[in-house]
2 protein chains.
Amino acid sequence: MAEVSIDDVAARAGVHRSTVSRAFSRPEAVNAATRKHVLEVAESLGYRVNPLAQALRRRASNLVPLIVPDITNPFYGELARTMAAAAADRGYQLVLCVTGGEVAQTNAYLTSLQEMYAPFGIVAPSTSVDLDELQNVALGSKVVVVDRVEQAQVPTVTVDSAEGIALAVDHLRGLGHRRIAYVSGISGAYTSRDRLAAYEGLAAELDMPAMILDAGTGPDVGERAAERLVHMTREERPTAVIAANDMVAFDLISALGVRGVSVPDEVSVMGFDGLEFGARFNPRLTTVRQPIADMGVIAIDLAEKLLKDGETSHVVLAPDLLIRDSTAEVPR
Amino acid sequence: MAEVSIDDVAARAGVHRSTVSRAFSRPEAVNAATRKHVLEVAESLGYRVNPLAQALRRRASNLVPLIVPDITNPFYGELARTMAAAAADRGYQLVLCVTGGEVAQTNAYLTSLQEMYAPFGIVAPSTSVDLDELQNVALGSKVVVVDRVEQAQVPTVTVDSAEGIALAVDHLRGLGHRRIAYVSGISGAYTSRDRLAAYEGLAAELDMPAMILDAGTGPDVGERAAERLVHMTREERPTAVIAANDMVAFDLISALGVRGVSVPDEVSVMGFDGLEFGARFNPRLTTVRQPIADMGVIAIDLAEKLLKDGETSHVVLAPDLLIRDSTAEVPR
DNA sequence: CCGGTCACTGCGATCGATTGCTGAGATCGG
DNA sequence: CCGATCTCAGCAATCGATCGCAGTGACCGG
């Protein structure tokens, strides 16, 4: 309430403003005894440096934009949660920016936050990040992307799509499945493409028919894929389906349920993401887990490294398998 | 990149700083022609007022904290999304604050954002908001709570729990159910209590046995309730269950699935929230819908009204029914 | 022709911090 | 005992905007 400023502390401690300032931000530049005294006085007055004034002067704030297409999607929700924690640990405050899938929004948010002297930004894109577009914004070069990006000039963190798909295919083949279809869909840009490519590559390699049930986007991929599946003859129908991500898997299972097709009894379904919610789905979803918690921390790390050393590295994490109840041995 | 400031515009337009400032923030106080000229020059230079400097001087920023216990929970996700949109419409920028259920965090975030001159805050509590606690923070009195609150000195927006539960019970009775159980659980403080109370009241009124399957909290209410249910004899077992919220319903259905109990064939399950995700669950969830989108807009409205007129009203919205596939006529 | 209004606009202090520069005093070597 | 070096704290400008106050010129009525 008291709104105590740096001058109040200075007056009370009998020193100059600048000494108080240094006591906080450059400890080595002030006598230890003086510093202790200042800090005690500050403490007793309940003083805290005004982040706005500090940011204005320093031209650097602790506000970090997290740009996601849709916070309703649990993937971004989990990402946001871990990022908020990781950010807080390092003294940053996460600012949530929801683009709703509109590409222009990303840049709008970025410029808006750079006016608040955000030191960097985190972007989790839904569609291909237009890097050229990103370059148009000042903050654009200080961005970490949570997705793979082609010819990236910015740091990125992703999970290894090929390995993830391999894990899924292995698991299903281990259960006896030979006709394994794939449903593409809503997800990160390149990541989504990578997963599809990995599936196709693996299918060729293992001499399996590559069945793409639906490669569209939007909220009803699951619907369309299910529709397609139920109209297949018994021979051509896949015994298992890998979905591009957990949400699509949920969608698909739900749509199959509506059509009376039971998972995993009639067809096995796997997801990709490892959302916590998968453990609460019906049936509990077998899926390839991305280490989302790690991704949050790593993204912040990458950002700090970028600021300090100008180093833009690309971290690719290893996925693992979360075997639950949506996959079973091939029927009969 | 150019970092153009108000002085640049002033110099270029041949006027004083203050005129430029007024051209933007107090249009009526400056000659129309001058203003037009200033605005054009500003436009051509790509000038935008620096929000930090503005906030510092005005002692009011456009940063609005949204405090939620868990952004992973789609309820808060949907809330965040609509709030972000509503806030953006009015020129505010939402700052996401995730407490992880720790009460102290709420106040920490509130003070932290008040130092950034946040004009108000939105709190979606997981447990009883300790209003006395809230009063300890300066921003505490300028908060809108998305939940019912007892003896609230702050504006609130909620949905009518009693009406919602009545809707649910009506729907189930219409399908022939007479043994309708209830599972309490993770959710807003008073809201959660209200729903339970409404259920109990209605049970007494309609002369139905009140069966509370689980009244605990935490992530495994569903588990426990399912466990309890499968151990009941055929006669005592409820034919339908109302869950305190959608997440609990998902949990429960999943846990029942693991135990081989099919929904809605053997038991009907209803949720409460109306999450979009319910339409993608298996089976698609019948639920009482809260107008979450409205709640976001209303919360912002209430906040602005509070600032302007000091008026603290309590909005109670009407829920409606979303009939999908998780409820069916009572078996046999 | 003069004093009074009115509509603008300029001046400069201010918001709360940071930081380069300067100078005071302590320390030290010769 | 003196000058050089070093440590530390004060001074004042600065970040980019806002706003109360004062000044200027136009306009009007008497």
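A, B, ... follow the sequence lines: proteins, then strands. Residue 1 opens every chain.
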Could you tell me whether the phosphate oxygens of dA17(C), OP1 or OP2, come under 4.0 Å of any side-chain nitrogen or oxygen in Ser21(A)?
no

Just compare dG16(D), dA17(C), dG10(D) and give me whichever is closest to any side-chain atom of Ser5(A).
dA17(C)

Using a heavy-atom cut-off of under 4.0 Å over every strand shown, decide if Arg48(A) touches base, sugar-phosphate, or nothing.
sugar-phosphate

When you match Arg59(B) and Val15(B) each to their closest nucleotide on DNA chain C, which lands nearer the 5' end?
Val15(B)

His16(B) vs dC11(C): side-chain N/O to OP1/OP2 distance below 4.0 Å:
yes

Is a salt bridge present between Asp8(B) and Arg17(B), judged by a nitrogen-to-oxygen distance below 4.0 Å?
no

Report yes if a side-chain nitrogen or oxygen of Thr34(B) is closer than 4.0 Å to either non-bridging phosphate oxygen (OP1 or OP2) of dT9(C); otherwise report no.
yes

note: Leu56(B), atom CG; dT18(D), atom C1'; distance rounded to Å ~ 10 Å

Tell me whether the OP1 or OP2 atom of dT18(D) has a side-chain N or O from Arg58(B) closer than 4.0 Å.
yes

Of all the nucleotides listed (dA17(C), dG16(D), dA13(C)), which has the minimum atom distance to the side chain of Arg17(B)?
dA13(C)

Would you say the side-chain atoms of Asp273(A) and Gln290(A) include a donor-acceptor pair closer than 3.5 Å?
yes

Students often get this wrong, so: under 4.0 angstrom with heavy atoms, is Phe24(A) touching a base, only sugar-phosphate, or nothing?
nothing

Over its full length, what angle do the end axes of the helix from dC1(C)-dG30(D) to dG30(C)-dC1(D) make, each axis taken from five pairs and the result rounded to 10 degrees?
50°

With a non-hydrogen cut-off below 4.0 angstrom, is Ala55(B) in contact with a base, only sugar-phosphate, or nothing?
nothing

Asp147(B) (side chain) donor-acceptor with Pro125(B) (main chain) under 3.5 angstrom:
no

Will you find, in the side chains of Glu304(B) and Tyr92(B), an N or O donor that is under 3.5 Å from an N or O acceptor?
yes

Just N and O in the side chain of Gln54(B): are any of them under 4.0 Å from OP1 or OP2 of dG16(D)?
no

Quick check on dT18(D): is either OP1 or OP2 less than 4.0 Å from any side-chain nitrogen or oxygen of Tyr117(B)?
no

Distance below 4.0 Å between Thr19(B) side-chain N/O and dG10(C) OP1 or OP2:
yes

